[in-house]
Amino acid sequence: MTQPLLTIGRHGGGADFEIDDPQVSRLHCVIEVKTDAVFLRDLRSTNGTYLDEKRILSACLEHKSEFRIGASVLGVSIVPT
């Protein structure tokens, strides 16, 4: 990420990072980098955002976290700048 906020959504929906998955909402979730943590927040998506197979509204991510939106699994690596 080159910015502190990254929106994730369906291809053609206008998100910063787009996924070709019909189960993903146009603007599905957001990853936000704060001073000491990285957060994943659902943006009121239809099918939900899942971390460790639990539906979340907001969660703190750790290095090598994986989360699911629609049928897509995404991984996050957190490295110091």
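Arg10 contributes a side-chain N or O that, together with a main-chain N or O of Val24, makes up a donor-acceptor pair within less than 3.5 Å. Distance alone, capped at 3.5 Å, places no donor-acceptor pair between the Arg55 side chain and the Leu57 backbone. No side-chain donor-acceptor contact under 3.5 Å links Glu18 to the backbone of Gly9. Looking only at distances, a side-chain donor or acceptor of Asn47 sits under 3.5 Å from a matching main-chain atom of Gln23. In this structure a side-chain-to-backbone donor-acceptor pair under 3.5 Å is missing from Asp52 to Lys54. At distances below 3.5 Å, at least one donor-acceptor pair connects side-chain atoms of Thr7 with backbone N or O atoms of Asp16.
To the nearest 0.5 Å, atom CG of residue Leu5 and atom CZ of residue Arg41 are 6.5 Å apart. One finds the CG atom of Asp36 at 8.0 Å from the SG atom of Cys60 (value rounded to the nearest 0.5 Å). With rounding to the nearest 0.5 Å, the separation of CD in Glu32 from CG in Leu6 is 11.0 Å. Between the OG atom of Ser25 and the CG atom of Leu27 there is a distance of 8.5 Å, given to the nearest 0.5 Å. Annotation: the span from Thr49 atom OG1 to Arg44 atom CZ amounts to 13.0 Å, rounded to 0.5 Å. Phe17 CZ to Leu74 CG: the interatomic distance, rounded to the nearest 0.5 Å, is 6.0 Å.
Side-chain heavy atoms closer than 4.5 Å link hydrophobic residues (I, L, V, M, F, W, Y) into clusters, and following such links, possibly through other members, connects Leu61 to Val33. Ile8 and Val38 fall within a single hydrophobic cluster, where Ile, Leu, Val, Met, Phe, Trp and Tyr side chains are chained together by heavy-atom contacts under 4.5 Å.
Tested against His28 for a side-chain contact (heavy atoms from CB on, under 4.5 Å), the candidates Asp42, Asp21, Leu43 yield a single pass: Asp42.
Other residues, nucleotides and ligands place no more than 12 heavy atoms under 6.0 Å from the CZ atom of Arg26. In this structure, Phe39 places its CZ atom where more than 12 heavy-atom neighbours from other residues, nucleotides or ligands lie under 6.0 Å away.
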Problem - side-chain contact (heavy atoms from CB on, under 4.5 Å) between Ile69 and Ile19, worked out - result: CA-CA 10 Å; Ile69 59 174; Ile19 299 171; 3.6 Å; yes

Practice task
Take Leu40 and Ser58, measure what side-chain contact (heavy atoms from CB on, under 4.5 Å) needs, and give me the verdict at the end.
Solution key: CA-CA 6 Å; Leu40 172 66; Ser58 181; over 6 Å; no

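Closest approach of Cys29 and Phe67 over heavy atoms only: SG-CE1, 4.1 Å. In terms of heavy atoms, Val73 sits closest to Glu66 at CG1-OE1, 4.0 Å.
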